[in-house]
Amino acid sequence: MIKSQLKKIIDDCFQKGVEQGAWTDEARNTFTVEIPKHAGQGDFSTNLALIIAGKEKQKPRDVAQRFSEILGTDMSIIDKTEIAGPGFVNFFLRENVWTTILEPVYQQAELFGHSTIGNKLKVLVEFVSANPTGPLSIGHGRNAILGDAIARLLEVTGHDVSREYYFNDAGRQMRVLGASTKARYLELLERENEFPEDGYQGDYIYDIAKDIIEQSGDSMVDVDILNFKDIAQKAIFKEIDTTLKAIGIKFDNYFNEHTLYEEGLLDEVVQDLRAKNLVYEKEDATWFKTSEFGQEQDRVIIKSTGEPTYRLPDIAYHKEKFKRGFEWMINVFGADHIATVPDVLAGVRALGFDESKVKVILHQFVTLTREGKQVKMSTRKATFITVDELCDIVGPDALRFFFLMRKPDSQLEFDLDLATKQSQENPVYYVQYAHARLCSIEKMAQDKDVSRPDSASVHLDSLQEPEEFELLKTMADFPELVASSAQDLAPHRIIFYLMELAGQFHSYYNKHKVLTEDAKLTEARLYLCGALKIVLANGLHLVGITAPENM
RNA sequence: GCGCCAGUAGCUCAGCUGGAUAGAGCAACGGCCUUCUAAGCCGUAGGUCCAAGGUUCGAAUCCUUGCUGGCGUACCA
C-alpha cells in the first residue's frame, strides 16, 4: 500500500532519469524497494543506484546523488532521503503517512490482505491423493495441510481454485489390502489363513475384519478377496474423510484413476505418443522414450502383463487436467514421489502441453521424535502415528501451525514429547494469545463505556510511540506479504509474519496501556488495536487457524 | 554411480528475486504480576552461515568441487 505508493514515485523518478539521459532504460524493474534491516536506515530503501551503476559503470553514490536531485522536493509522503553505505537511497517517510493504513483495514475488514492479482486464473491444487490402504500418516498430514494452505492463499489472491484428491482403488496395492483383510477375517474366525508377505499389518485391518464378522458372520469365508478389498477400501476412505474433516479440509473433487480408463484416455495417450514416435515395444512391454527428455533411460508405461505402470495414468491424468481448462496445476507430493515428476513432465511436454503450467511442490519428510529418539515409521508394519492421533494430542490449530512452520523443502521434525507435555509453550498460542488479548481490551473498553471511534473523529496524531509505528508498518506490509506468499506458494511466511506481528503487540502491550486517562489517546490506541485484531485474525484464518476471543 | 532436497546459535528452523552490523522459537541464566489476560514482557549469553575455490562494488544467498544426512533411482504407487 504505502510501499506501492513509494515504488511509483521511484519508478517515475527513474523514468525522468532516462529521459534526461542520466542513465539508460536497462535497469528498469530490476531494482528493489525494501524495508531495511537496521534502525537508522529509513522506512524503505532502494538499491536502484547500485544496480544502475553496475550496469553502466558509474559510481553508485554519484548515481544516487543524481537520483536524489531528480526526486527533488516532490515529497507528498517522503520526509527526507539519505544516501548511505555503498549507494543505497534510504527514505524516511512522514510519520502521519503510517496511520493512513488503518482506515483501509477497517473498510476492507476480513478482506484486508485479499487481492485480485490472480486474475481468476483457473488453478487446480492436487494434494493428499493417498490411496485407501490405511489411515493418513503424519506425512499425509503435512501434505494435506500444506496443500490446503496453498489453496487458501491462492483463493484470497483472486485465483479460481479447485482442490482435488486423486486416488486409485484398483491395482496391486489394493489386492494386497483385500488379501490382508480376508486373512484377518479368517484369523478372527479361527480358520486357516495365510497372511500375505507384504500385507498391511495395522490393527485397523482387524477392526475392518471385525465389522465384517458383525455384519455377515462367517458367510464370507469363500468369497473372493476383491470383495474384501471393496469393503476395506470403503471403510478406510470413510476414515480418511473423517480425518480430513477434523482438520478442516474439504475437496471440490475426488478423481478416481479409474475414470481415465473409462474415458479411454490411457489409449489416447499411448496413441498420441506412438504417433510422435516416442513409444516402442520391447520384451512384451511398452516403453516411453523418456531418454529423449533428458533422462537416463526409457521407462515402461505398459507392463508385459498388459497393465499400465503408474506413469501412464499419471500422464493421462495431466492431460485430463489440461482438457478441463486449468491454467496452473499445482501438485503437492511427498519427497518419495520425486521419481514420478520428470516422467510426468516429460509426458506433458511430449503431448504438446506447456509443462511450465505444472508446478510440483515436493515436501520433505516428517520425522517424529519421542524421548529424543527418532520413531521409525512404515505403513505396512503400522508402526506409524496417524494424523488422527496427532490431532488428538495437539489439536487442529497446533497441528496446522507446526506443519506450516517449515518451508516444504525442509524436513520437519515433530517432537511428540514437546507437543504433548508442553503444549502450552506452542508458538500457536503465542499468536492466538495476542488476538485474545486484543479482544479482552475491547471488552474492557466497553465495560468502561469507552467506544472505539470512527475514522472521521479519531485523532491519530496521538500515536507517537515507536512501538506504534512498528505495528503500523508491519500491518501495512500484510497485503504484499499475502500476495508474494501466494505467488511463491510459501505459506510458511504467513506463520512467521504472524509471530512477528504478535511479538510486536506483546511488547507494546507490556510497555504502554491502551486504556488511559487521556481520552484522545485511548481512542487512537483502540483504533489501532481494532485494526491489529483484524490483521491477526485474517492472517490466522488464511492458514486455517482459529482466532479465539479468549484463552 | 546418478537425480532431488537439506547442512545457519546447544536443539528445531527463518532469512523472499545477491545488499549495509546474522534472525526467531525452544533450552540456559538474571529480572518483571495491588495497574487492559504472566499462554506475556525485559535483559544476559550463545555464530569461521559444512569445507575449499570462483563470480562482483557486495555472497548464508549465485557457480564449481568435495564432505555429511534424508529421499528416490522397478514391468510397486
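Convention: sequence-line order gives letters A, B, ...; per-chain numbering from 1.
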query = Paired with G58(B): which nucleotide, if any, by Watson-Crick or G-U wobble criteria at under 3.5 Å for both distances?
reply = none
ask   = Which is true for Gln432(A) with a 4.0 Å heavy-atom rule: it touches a base, it touches only sugar-phosphate, or it touches nothing?
value = nothing
request  = May I have the distance from Asp198(A) (atom CG) to C76(B) (atom C1'), rounded to whole angstrom?
outcome  = 10 Å
task = Using a 4.0 Å heavy-atom cut-off across all strands, classify Asn131(A) as base, sugar-phosphate, or nothing.
result = sugar-phosphate
key: N/O (side chain, His492(A)) to phosphate O (OP1/OP2, G15(B)) under 4.0 Å   = yes
task = Specify the residues of residues 500-508 of chain A, ordered by number, for which at least one heavy atom lies under 4.0 angstrom from an atom of RNA chain B.
result = His506(A), Ser507(A)
request  = Return the residues of residues 305-316 of chain A meeting this criterion: a heavy atom under 4.0 Å from some atom of RNA chain B. Order them by number, or give none.
outcome  = Thr309(A), Tyr310(A)
Nucleotide A39(B), atom P - distance to CG of Asn510(A) in whole Å = 11 Å
task = Return yes if the base of A20(B) and the side-chain atoms of Ser45(A) contain a donor-acceptor N/O pair under 3.5 Å, otherwise no.
result = yes
inquiry  = Using a 4.0 Å heavy-atom cut-off, does Ala445(A) contact any base of the nucleic acid, only the sugar-phosphate backbone, or nothing at all?
reply    = nothing
ask   = With a non-hydrogen cut-off below 4.0 angstrom, is Ile301(A) in contact with a base, only sugar-phosphate, or nothing?
value = nothing
request  = Could you check whether the rings of Phe237(A) and Phe167(A) sit parallel, tilted or perpendicular, using 30° and 60° as the cut-offs?
outcome  = perpendicular
request  = Please report, rounded to the nearest Å, how far the P atom of G19(B) is from the CD1 atom of Ile51(A).
outcome  = 10 Å
note = Separation of A24(B) atom P from Leu404(A) atom CG, nearest Å, is 22 Å
Pairs touching residues 335-344 of chain A that satisfy salt bridge (charged side-chain N to carboxylate O under 4.0 Å, His left out), sequence neighbours left out = Arg311(A)-Asp343(A)
ask   = Would you say a side-chain N or O of Tyr497(A) is under 4.0 Å from OP1 or OP2 of A24(B)?
value = no
query = Over how many whole Å does the gap from Glu82(A) atom CD to A20(B) atom C1' extend?
reply = 13 Å
Between protein and nucleic acid, restricted to nucleotides 4-6 of chain B and to nitrogen or oxygen atoms under 3.5 Å apart, what atom pairs and distances do you find?
{"from": "C5(B)", "atom 1": "O2'", "to": "Asp409(A)", "atom 2": "O", "distance (Å)": "2.5"}

Any donor-acceptor N/O pair under 3.5 Å between A20(B) base and Asn90(A) side chain = yes
key: Donor-acceptor pair between Gln504(A) and Thr474(A) side chains, under 3.5 angstrom   = yes
message = Is a donor from one side chain sitting under 3.5 angstrom from an acceptor on the other, for Thr516(A) and Thr522(A)?
response = yes
request  = Can you run down the salt bridge (charged side-chain N to carboxylate O under 4.0 Å, His left out) pairs that involve residues 282-299 of chain A, sequence neighbours left out, and say none if there aren't any?
outcome  = none
query = What integer distance in Å separates Lys55(A):NZ from C57(B):C1'?
reply = 14 Å
key: Given A14(B), A77(B), C36(B), the nucleotide with the shortest approach to the side chain of Ala339(A)   = A77(B)
ask   = OP1, OP2 of C57(B) versus side-chain N and O of Arg61(A): anything below 4.0 Å?
value = no
query = Starting at CG of Leu498(A) and ending at C1' of G25(B), how long is that distance when rounded to a whole Å?
reply = 15 Å
task = Indicate, yes or no, whether a donor-acceptor pair under 3.5 Å links the base of G72(B) to the side chain of Asp336(A).
result = no
query = Do Phe496(A) and the base of A14(B) stack face to face, with centres under 5.5 Å apart and an angle between planes under 30°?
reply = no
key: Distance below 4.0 Å between Lys511(A) side-chain N/O and C42(B) OP1 or OP2   = no
query = Checking all strands, does Lys59(A) fall into the base, sugar-phosphate, or nothing category for heavy-atom contacts under 4.0 angstrom?
reply = nothing
inquiry  = Any side-chain to backbone donor/acceptor pair from Thr290(A) onto Gln297(A)? Under 3.5 Å, distance only.
reply    = yes
query = Do Glu56(A) and Thr24(A) meet the criterion of a side-chain donor-acceptor pair at a distance under 3.5 Å?
reply = yes
ask   = Closest to the Asn168(A) side chain: C75(B), A77(B), A20(B)?
value = A77(B)
request  = Name the nucleic acid region contacted by Met551(A), choosing base, sugar-phosphate or nothing; use a 4.0 angstrom heavy-atom cut-off, strictly under.
outcome  = base
key: Donor on one side chain, acceptor on other, His318(A) and Asn331(A), under 3.5 Å   = yes
ask   = If you draw the axis of the six-membered ring of Phe293(A), does the NZ or CZ of Arg349(A) fall within 45° of it and under 6.0 Å from the ring centre?
value = no
remark   = For Glu523(A), the side chain to side chain donor-acceptor pair (under 3.5 Å) test, sequence neighbours excluded, returns none
task = Would you mind reading off the distance between Tyr430(A) atom OH and A39(B) atom C1', rounded to a whole angstrom?
result = 11 Å
